[in-house]
Amino acid sequence: MDWSFPPEAEEFRNEVKAFIAEHLTDDVINSTHDGTIHNWDFHKKIAERGWLGGAVPADLGGGGKSALEMAVMVEELQLAGAPIDGMGVAIVVASVVLELGNDHLKEAIVPKLLSGETLVSFGYTEPDSGSDVAASQTRAVKDGDEWVINGQKMWTTMAHIADYVLLLTRTNTEVPKHKGLTFFIVPLSTPGIEIHPVHTMGTERSNATFYDSVRIGDEWRIGEVDGGWEIMKAALKYERGIAGGQFPSPPLIDAFIEYAREASRPDGTALVEDQLVRERLVRAMIDVEVCRGFAYNTAFLASEGVMFGVEGSMTKLFASESYKKHSKWFIEMAGIEGLISLGEETAPVGGVLDEHFRHAPVTTIYGGTSEISRNLIAEGLLGLPRTR
Ligand SMILES: Cc1cc2nc3c(=O)[nH]c(=O)nc-3n(C[C@H](O)[C@H](O)[C@H](O)COP(=O)(O)OP(=O)(O)OC[C@H]3O[C@@H](n4cnc5c(N)ncnc54)[C@H](O)[C@@H]3O)c2cc1C
């Protein structure tokens with residue numbers, strides 16, 4: 001089996017590495033410590049390189065970059081700990097609009113998204129529907145030429161810095177739940193919308209968003225009335241297309257090695273000489289290599305035009321669960337020092353051990369929980385019967 005990438009992908013890897021060396025400064029990383037994993041300047045520089053547009057499929061008018069090149073880009077940015085939440089959202093929404101949106105949306109949204117000037121947040125989850133996203137209750141009712149929207153969304157991450165929300169609504173209560181949904185791209189400046197911050201233990205800032213008689217024209221609808229499930233599937237398809245890799249652990253491992261070199265054991269020797277510390281570091285690095293195997297497999301499938309499904313769930317499940325395990329190991333081994341938070345003067349390696357320990361569990365929830373991923377793998381790979 002030949003795991004090497006084609007020369008053009010390796011050349012592109014070098015280009016991405018050089019970009020990171022030049023633009024991913026400490027200031028950029030520190031700017032995300034307020035909980036918003038997005039930095040406008042960094043994002044715009046990625047856009048200026050043409051990498052957002054490059055990730056959009058060629059048959060939709062984007063292109064230039066292959067699935068393997070995209071995988072390489074995501075891998076290098078994640079390994080370096082770059083803030084790329086906005087990048088993923090921009091690529092997914094631009095691709096969905098280009099495939100299924102009307103001319104108004106294509107003109108109003110896509111150029112600004114791909115030039116890095118604007119963002120669209122995802123408004124799927126509600127207080128009573130997360131994993132079961134099709135149970136969405138936010139209502140959209142047609143009134144003349146307009147739609148009137150009422151309801152509440154939970155976890156509308158980045159809504160406070162975005163100009164739009166890709167909003168999942170219920171337009172029909174008389175049909176099975178998947179068949180009565182409609183999507184809109186709603187300008188967040190529309191009267192009747194409130195955005196309230198939600199701060200997580202993982203130090204992220206997300207939002208609860210409220211929609212009180214929000215009126216928008218039909219030109220903001222994407223897809224057919226009651227055909228929202230098609231938009232959902234398209235969004236998932238493009239998300240999978242760019243999410244080749246999942247590498248949350250390497251920046252944590254690097255930080256822990258730095259810490260363990262400096263910290264002493266009671267006998268005065270360095271913590272990094274401890275056998276258990278060394279064993280766990282090696283185990284964590286092996287897990288990263290397994291992640292790489294999953295990531296390259298999904299990237300390879302995408303490059304062959306195969307729409308992968310269960311492979312994406314395996315990648316996400318393994319990467320997030322192993323990251324959670326590593327963050328627990330490292331905080332245990334750092335002892336009480338490891339719990340000192342970001343911003344505290346005495347925090348070792350800037351407090352990032354604590355930051356990762358708080359953040360890691362969240363990665364097993366968003367983008368599909370571990371339980372849902374296990375269900376999908378059990379059904380899709382092992383052929384076990386559906387449980388719901
Ligand atoms: C920090 C953060 C950011 C987020 N950002 C966004 C965003 O930008 N936009 C957005 O729309 N959403 C976002 N989400 C929401 C996220 O996608 C949901 O939290 C997730 O899908 C789970 O839904 P829930 O929280 O309602 O939990 P529930 O679905 O209520 O699940 C509760 C528990 O039950 C388990 N469970 C549920 N169903 C099953 C089942 N069938 N079988 C076995 N176990 C099951 C779950 O695994 C979980 O452990 C974000 C969440 C977080 C925490």
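Counting starts at 1 for both ligands and their atoms, following the listed order.
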Polar proximity ligand 1 side, [X] side, N/O cut 3.5 Å exclusive:
{"X": "T200", "answer": "no"}
{"X": "W155", "answer": "yes"}
{"X": "T125", "answer": "yes"}

Is the side chain of K179 donor-acceptor paired with the backbone N or O of N172 at a distance under 3.5 Å, no angle test?
no
Through direct or indirect side-chain contacts below 4.5 angstrom among Ile, Leu, Val, Met, Phe, Trp and Tyr, which residues connect to V362?
Y366
I'd like to know if [X] pairs up with [Y] as an ion pair, taking the criterion as any Lys NZ or Arg NE/NH1/NH2 lying under 4.0 Å from an Asp or Glu carboxylate oxygen.
{"X": "K112", "Y": "D163", "value": "no"}
{"X": "E126", "Y": "R170", "value": "no"}
{"X": "D354", "Y": "R358", "value": "yes"}

Numbering the atoms of ligand 1 from 1, which are under 4.0 Å from a heavy atom of [X]?
{"X": "I372", "result": "38 (N), 39 (C), 40 (C), 41 (N)"}
{"X": "I365", "result": "19 (O), 20 (C)"}
{"X": "V362", "result": "1 (C), 53 (C)"}
{"X": "F122", "result": "7 (C), 8 (O), 9 (N), 10 (C), 11 (O)"}

Does the side chain to side chain contact (heavy atoms under 4.5 Å, CB included) test come out yes or no for L181 and M232, once each step is laid out?
CA-CA 10 Å; L181 301 166; M232 199 67 187; over 6 Å; no
Report yes or no: is the cationic atom of R13 (NZ for Lys, CZ for Arg) under 6.0 Å from the centre of the six-membered ring of F5, at an angle within 45° of the ring normal?
yes
For [atom], which candidate among [options] holds the nearest heavy atom?
{"atom": "atom 5 (N) of ligand 1", "options": "T203, T157, N375, L168", "answer": "T157"}
{"atom": "atom 35 (C) of ligand 1", "options": "M158, K153, E371", "answer": "E371"}
{"atom": "atom 27 (O) of ligand 1", "options": "S206, G123, S131", "answer": "S131"}

Any heavy atom of T369 under 4.0 Å from ligand 1? The part involved is side chain
Can you establish whether the number of heavy atoms outside R283 located under 6.0 Å from its atom CZ is more than 12?
no
